Amino acid sequence: MTPSTTLSADLFDRARRVIPSGVNSPVRAFGSVGGTPPFLTSAKGALLTDADGNEYVDLVGSWGPMILGHAHDGVVEAVREAAGRGLSFGAPQAGEVTLAEEVVRRIGPVEQLRLVNSGTEATMSALRVARAATGRDVVVKFAGCYHGHVDALLAEAGSGVATFAMPGSAGVTAATAKDTVVLPYGDREAVTSLFAERGGEIAAIITEAAPANMGVVPPLAEDGVGFNRFLADTAHAAGALLISDEVLTGFRASREGHYGVDGPRGTGEDWAPDLMTFGKVIGGGLPVGAFGGREDLMGLLAPAGPVYQAGTLSGNPLATAAGLATFAGLDDAAYETLGRASNALQQLVADALTAEGVPHVVQTAGTLFSVFFRGEPVRTYDDAKAQDTEAFTRFFHAMLEGGVYLPPSAFEAWFVSTAHTDEVLDRIAAVLPAAAKAAARG
Ligand SMILES: *Cc1c(COP(=O)(O)O)cnc(C)c1O
């Protein structure tokens, strides 16, 4: 039985007249899977409700922020209380201080933090600091890593070799793209030879702490040295910086983000990125990003330093209240719950796909995971693109019809929350066999 989507379809028609493609962020348009995106009216815990009254188990979680589940009582109450005291001051307020203290306490390399309004702003600002600190222009990024829609970071890879990147989006100038070099993810030789050739021009390497925007592609250790540590060592030897983008992994991969997985606390290896970026979880569902790092680097920011960076709504009291209330719920028990739900769901999906002979691989970074529709491990963007996206599309629509809302793309992580109880997982388990069958029907 296909759920009725009449009201969502009407809204989508109206939306497309006045909003480009009907959406305010591209993946929401269901472009790669087709069909009508449900227009949502409410959400509670692990469940979403759409305009037609259909209910879905949510595995998107607003792309990460809803780590405690939707409309969490503590978070909603904190925002309501803050709203009663004023929506925005454009002046300092206590919540900003407490939130920065919480991040500094959790994340070793962050000595100082500045709040912004999105992950995009965070990476854009971190790049500016890195270029100012080094007096150099070139930034190195990896193919398949997403750092928001910053002009300089939209560039994708040519294959296999270090190349000057194409801009990656219309409207980005060649001059901007010229200062971005894109390398294949995980390719240490490419990093080493680029630095041998052009080390003196490179301001920073920016990388997702664990790439999760091409699906989850965890950094691999070689001879006991993690990839991120290798990047830090290589950058530092050339006087460049490492920017670790934890907008997605931060406070999700573990209590200390992915740095809790491959930093000193996870592996005993002593290394640190110079700057880090955050978003998603840090705002608990309100628009927040942050960047932070060593005090000498963050000290370059205006007004004390020469690097201009600002924001009318930065440090907004509702946003900091939501972030703080989310952190209050993220104790060790919460990460245990998340880990259990994540593991259980991985197993359920793998079992269902295996039973129908659907080639797949589940990859993880801490409690974060994704499912690739491909038989072999995915190590690079090219690997990720070699998925059977049509099998994913059939799987996606069968899940949606069965009341499970997956990311509408084969290149995204799946998100669970502490509200994904056994009962919720049972609802997903009930839909999986039919969806696996659909995926198998090539
Ligand atoms: C989501 C994301 C961003 C961009 O954050 P926005 O808040 O969407 O601007 C940057 N980096 C990573 C790793 C992300 O996952």
Side-chain angles (χ1 to χ4, degrees), residues 23-29 60-67 107 114-128 130 139-156 168-169 180 182 185 204-219 227-228 231 242-254 257-259 261-262 273 275-293 309 311 313-316 319-320 322-323 326 363 365-370 381 384 407-409 411-415:
V23 294
N24 285 306
S25 199
V27 73
R28 297 179 197 170
V60 176
S62 190
W63 305 99
M66 311 321 298
I67 194 165
I107 313 285
R114 198 167 259 187
L115 294 175
V116 292
N117 304 291
S118 69
T120 297
E121 269 186 72
T123 58
M124 178 183 79
S125 305
L127 281 192
R128 190 177 302 146
V139 170
V140 182
K141 80 174 284 283
F142 295 100
C145 281
Y146 180 65
H147 302 291
H149 62 100
V150 180
D151 280 7
L153 297 177
L154 283 174
E156 293 179 321
S169 165
T180 306
V182 183
Y185 188 72
I205 303 173
I206 185 167
T207 185
E208 287 187 60
N213 285 286
M214 52 175 153
V216 174
V217 179
F227 185 59
N228 288 323
L231 295 179
L242 176 66
I243 304 171
S244 180
D245 182 353
E246 291 236 28
V247 169
L248 199 153
T249 51
F251 320 110
R252 175 171 287 273
S254 83
H258 199 267
Y259 192 68
V261 176
D262 69 0
L275 293 166
M276 298 175 81
T277 54
F278 304 97
K280 300 191 168 106
V281 169
I282 200 177
L286 287 180
V288 184
F291 65 105
Q309 185 278 329
L313 295 176
S314 294
N316 173 270
T320 57
T326 299
Q363 296 192 176
T367 69
L368 191 65
F369 79 100
S370 73
Y381 193 30
S409 158
F411 296 89
E412 301 286 356
W414 298 16
F415 297 91

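Numbering of residues begins at 1 and proceeds along the displayed sequence. Model, not experiment: these values are computed from the prediction. In each ligand, atom 1 is the first atom listed, and ligand 1 is the first ligand listed.
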Exercise. Between CD of Gln363 and CG of Leu368, what distance do you get to the nearest 0.5 Å?
Worked result: 11.5 Å
Exercise. Can you tell which of Asp245, Leu115, Ile107, Leu248 makes a side chain to side chain contact (heavy atoms under 4.5 Å, CB included) with Phe278?
Worked result: Ile107
Problem set entry | Reported OG1-to-NZ distance for the pair Thr207 and Lys141, which is rounded to 0.5 angstrom | 9.5 Å
Write none if no such pair exists; otherwise list each N/O atom of ligand 1 with its protein N/O partner under 3.5 Å and the distance.
| residue | atom | partner | partner atom | Å |
| --- | --- | --- | --- | --- |
| ligand 1 | 5 (O) | Gly119 | N | 3.4 |
| ligand 1 | 7 (O) | Gly119 | N | 2.8 |
| ligand 1 | 9 (O) | Gly119 | N | 3.4 |
| ligand 1 | 9 (O) | Thr120 | N | 2.8 |
| ligand 1 | 9 (O) | Thr120 | OG1 | 2.6 |
| ligand 1 | 11 (N) | Tyr146 | O | 3.3 |
| ligand 1 | 11 (N) | Asp245 | OD1 | 3.4 |
| ligand 1 | 11 (N) | Asp245 | OD2 | 2.7 |
| ligand 1 | 15 (O) | Asn213 | ND2 | 3.0 |
| ligand 1 | 15 (O) | Lys280 | NZ | 2.6 |

Exercise. Mind checking what makes side chain to side chain contact (heavy atoms under 4.5 Å, CB included) contact with Arg114, not counting sequence neighbours?
Worked result: Phe291, Met298, Leu301, Pro303, Gln309
For this session: Please examine the side chains of Thr367 and Ser254, heavy atoms only from C-beta on, and report whether any two atoms are closer than 4.5 Å.
Result: no
Exercise. Pick one: which of Phe227, Tyr146, Tyr381 meets ring-ring contact (aromatic ring centres under 6.0 Å, His included) with Tyr185?
Worked result: Phe227
